Every structure is written in C-alpha cells, then in structure tokens.
Amino acid sequence: MERIEKLRKERPLVVCITNDVVKNFTANGMLAAGASPIMSGERSEAEDLMKAASALLVNIGTADKQKYELMDEMMREANNNGVPIVFDPVGYGASDFRVSITDTLLDRHHVSLIKGNAGEMHALSGEESSLRGVDSMEKTDTLEIARAVYRKFGIPSLVTGERDALVTKKNEMIMANGHGLQGRITGSGCLLGALTAGFIGIEGRFDEAAVADAVSYYNICAEAAAGKIRVPAPGSFMTMLIDELYLNEDSLLEEKMVEVY
C-alpha cells in the first residue's frame, strides 16, 4: 500500500503537545492529509492517550513550567508503550528556559526524531565553532547541522531550510522541494513536525523513507499551492496548502527531489 493511501486508511492518532499559536493550523493540516490529531494539555490523561496513540509530537514553541511537566509525563508514557516521539526544539537557544527543558527531556526520554529549523538545530548541536554564521545556514549548511546534531545525540535529525536535510545511522538525505512562502506563514514547520509524526506512526517506528515522504509530500503540496493562487501571498497560500494536502495522492511523490548519500 502506498504511503498516503496507508495514512488515510489507518488515520494514525497523533497526540500533539505543540505551540499554542498554531494548534488550529496544525490540526486542520493533519486532518486534510489524513492523520487524526488530538491536542492535549492534561498530564493525567497521558497513560490513556499513549495506549491509543500512534505517535507523539512534542513542540516546545510556547512551553512553560506546567507544559514541561506535561511533556515529561507524555514522553515517559510514550516510551513505556513504544510510541515514537518527534521532538521539535522550537526557539532553542533563545532562553535558558528553552535550553534547560530541551536538554532535560532529551536526556530523560527516548526520541525517534529531532526536527527543527537551521538556527534552532545549529544551537542544539553545540558545535557553533565548526559551523557558519546564522545568516548563511539556511541556504548552505542544513546537512552539516543535521550531522552535528546526530553526532551529539545519536538520534535521527531533520533540519529544515531551503533544502531539508535528514541524517540517520544509515543514510544522509537532502530534500529539495518546497516554496519560499512556507517561511512567510506561522506554523509551517510545526505542521511539518506533526505530519512527520503521523507518517512515522503508521510504520510504528522510525522509518527514514517515511520521513522523506512526509517532508516531500508537504513541500510538493506547498509548491502546488503557491502555483494555484493568482497573487502569491501568505494568507491565500495558507488556505491553499491545506487544500493541497487534502487533494493530492501518492502520485504526487513522483515529483520528489531526494538525494541520498
């Protein structure tokens, strides 16, 4: 069964602890693609949810002390039940609090994939001295940054940018689809993290091909969305992106631009 067909048939339940700013966009995008999101804010339901979930997304975008405790409990129960976790260290390095909770959660729990933009992942890697300045990373260094994060944690690492890079134990990949308007709407990366969790969820474990398909499908849908609006602008693009996630099928992945090293 093809990947998108499988996603829509199985409708994986993805528990999302995510950025408050983007919950609506994330939920609508996931539903359009075929996954089944649930947004949780209560620690006491962690045990029940992780018995039913296909995957867990932890995004620290609007984290606070209470949400940290929620994340900690959900990740513990996810590990207890073999539920794969996608971790998105949004804003890592911007404050001591974000650094502290990220470092603690990654130390305490097993994560299937760390996913973030070039700046966040550059900071997370702790290898600033070997990498280029922040202004140049978006275009040139996503693969180098993904390598650095993988070296530090030994966890598959996805770095998003003009070219997205995935580094795993077996392979290194560059995915080159996408459109500039993705960087002009809030929550674009957050939705990608959630969709990636859904694609991993239908496999029941980390699968690099599933991650590559998730990134490629999302980015090609973005290309299609931008091409269908008369005047390319963020508001129209956001709506059309959700439509494209709903309208397209596995055949769209024939257009994916993926290089494996």
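If you read the sequence from its start, that first residue is 1, and numbering goes on from there. Keep in mind the model is a prediction, meaning the values are calculated, not measured.
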Please report the interatomic distance [atom1]([X]) to [atom2]([Y]), rounded to the nearest 0.5 Å.
| X | Y | atom1 | atom2 | answer |
| --- | --- | --- | --- | --- |
| Ile145 | Ser125 | CD1 | OG | 7.0 Å |
| Ile200 | Asp213 | CD1 | CG | 11.5 Å |
| Ser157 | Leu166 | OG | CG | 8.0 Å |
| Ile229 | Leu181 | CD1 | CG | 6.0 Å |
| Asn59 | Thr26 | CG | OG1 | 7.5 Å |
| Thr168 | Ile155 | OG1 | CD1 | 13.0 Å |

| task | Could you walk me through whether His179 and Gln182 pass the side-chain contact (heavy atoms from CB on, under 4.5 Å) test, one step at a time? | result | CA-CA 6 Å; His179 193 276; Gln182 288 169 270; 4.2 Å; yes
Looking at every heavy atom in both [X] and [Y], which two are closest together, and how far apart are they?
| X | Y | value |
| --- | --- | --- |
| Leu195 | Ala214 | O-CB, 4.4 Å |
| Ala53 | Val15 | CB-CG2, 3.8 Å |
| Ala194 | Met30 | CB-SD, 3.3 Å |
| Arg98 | Gly61 | NH2-O, 3.1 Å |
| Leu158 | Met175 | CD1-CE, 4.0 Å |
| Arg11 | Arg8 | CG-O, 3.3 Å |

| When you look at Tyr218 and Ser188, which way does the side chain to side chain donor-acceptor pair (under 3.5 Å) test go after all the steps? | CA-CA 10 Å; Tyr218 183 62; Ser188 177; 3.1 Å; yes
Answer yes if [X] and [Y] sit in the same cluster of Ile, Leu, Val, Met, Phe, Trp and Tyr residues linked by side chain heavy atoms under 4.5 Å apart, and no otherwise.
| X | Y | result |
| --- | --- | --- |
| Phe206 | Val58 | no |
| Ile185 | Leu191 | yes |
| Met71 | Val99 | yes |
| Ile85 | Leu105 | yes |
| Val14 | Met74 | no |

| task | Using distance alone, with no hydrogens and no angle criterion, decide if Thr62 and Lys67 have a side-chain donor and acceptor under 3.5 Å apart. | result |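 Per modelled atom types, Thr62 and Lys67 side chains form a pair under 3.5 Å.
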Beyond-backbone contact of [X] with [Y], side-chain heavy atoms, under 4.5 angstrom:
| X | Y | value |
| --- | --- | --- |
| Val258 | Ser216 | yes |
| Leu143 | Val167 | yes |
| Phe25 | Ile242 | yes |
| Asp164 | Ile174 | no |
| Lys115 | Phe87 | no |
| Val90 | Asn117 | no |
| Leu7 | Pro12 | yes |
| Met173 | Val211 | no |

Taking [X] first and then [Y], would you say they form a salt bridge - that is, a charged N and a carboxylate O separated by under 4.0 Å?
| X | Y | value |
| --- | --- | --- |
| Arg43 | Asp72 | no |
| Glu77 | Lys51 | no |
| Glu208 | Lys170 | no |
| Lys65 | Glu69 | no |
| Arg3 | Glu203 | yes |
| Asp20 | Lys23 | yes |
| Lys228 | Glu244 | yes |
| Arg76 | Glu73 | yes |

For [X] and [Y], indicate whether the former's side chain and the latter's backbone hold a donor-acceptor pair under 3.5 Å.
| X | Y | value |
| --- | --- | --- |
| Asp207 | Ala210 | yes |
| Asp250 | Ile4 | yes |
| Tyr217 | Asn248 | yes |
| Glu42 | Ser44 | yes |
| Asn219 | Asn177 | yes |
| Ser40 | Ile38 | no |
| Thr142 | Arg163 | yes |
| Glu120 | Gly91 | yes |
| Glu223 | Gly178 | yes |
| Tyr92 | His122 | no |

| query | Which residues, ordered by chain and number, are linked to Val21 in its hydrophobic cluster, where ILVMFWY side chains connect at heavy-atom gaps below 4.5 Å, directly or through other members? | reply | Val22
| field | Over 12 foreign heavy atoms within 6.0 Å of OH, Tyr246 | value | no
| message | Does Leu192 form a side-chain contact (heavy atoms from CB on, under 4.5 Å) with Thr160? I'd like the steps, not just the answer. | response | CA-CA 10 Å; Leu192 174 58; Thr160 59; 3.7 Å; yes
| Among Ile60, Thr102, Ile101, the one residue meeting side-chain contact (heavy atoms from CB on, under 4.5 Å) with Tyr68 | Ile101
| query | Considering the options Lys152, Arg151, Arg147, which one meets the salt bridge (charged side-chain N to carboxylate O under 4.0 Å, His left out) requirement together with Glu127? | reply |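 Option passing the salt bridge (charged side-chain N to carboxylate O under 4.0 Å, His left out) with Glu127: Arg151.
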| request: Show the numbers, then the answer: is there a side-chain contact (heavy atoms from CB on, under 4.5 Å) between Asp88 and Thr18? | output: CA-CA 9 Å; Asp88 193 338; Thr18 192; over 6 Å; no
| task | Would you sort out whether Asn81 and Glu47 count as a side chain to side chain donor-acceptor pair (under 3.5 Å), showing the intermediate values? | result | CA-CA 9 Å; Asn81 288 278; Glu47 183 177 358; over 6 Å; no
| request: Go through the steps for Val86 and Leu56 under the test side-chain contact (heavy atoms from CB on, under 4.5 Å), then give the verdict. | output: CA-CA 6 Å; Val86 173; Leu56 170 65; over 6 Å; no
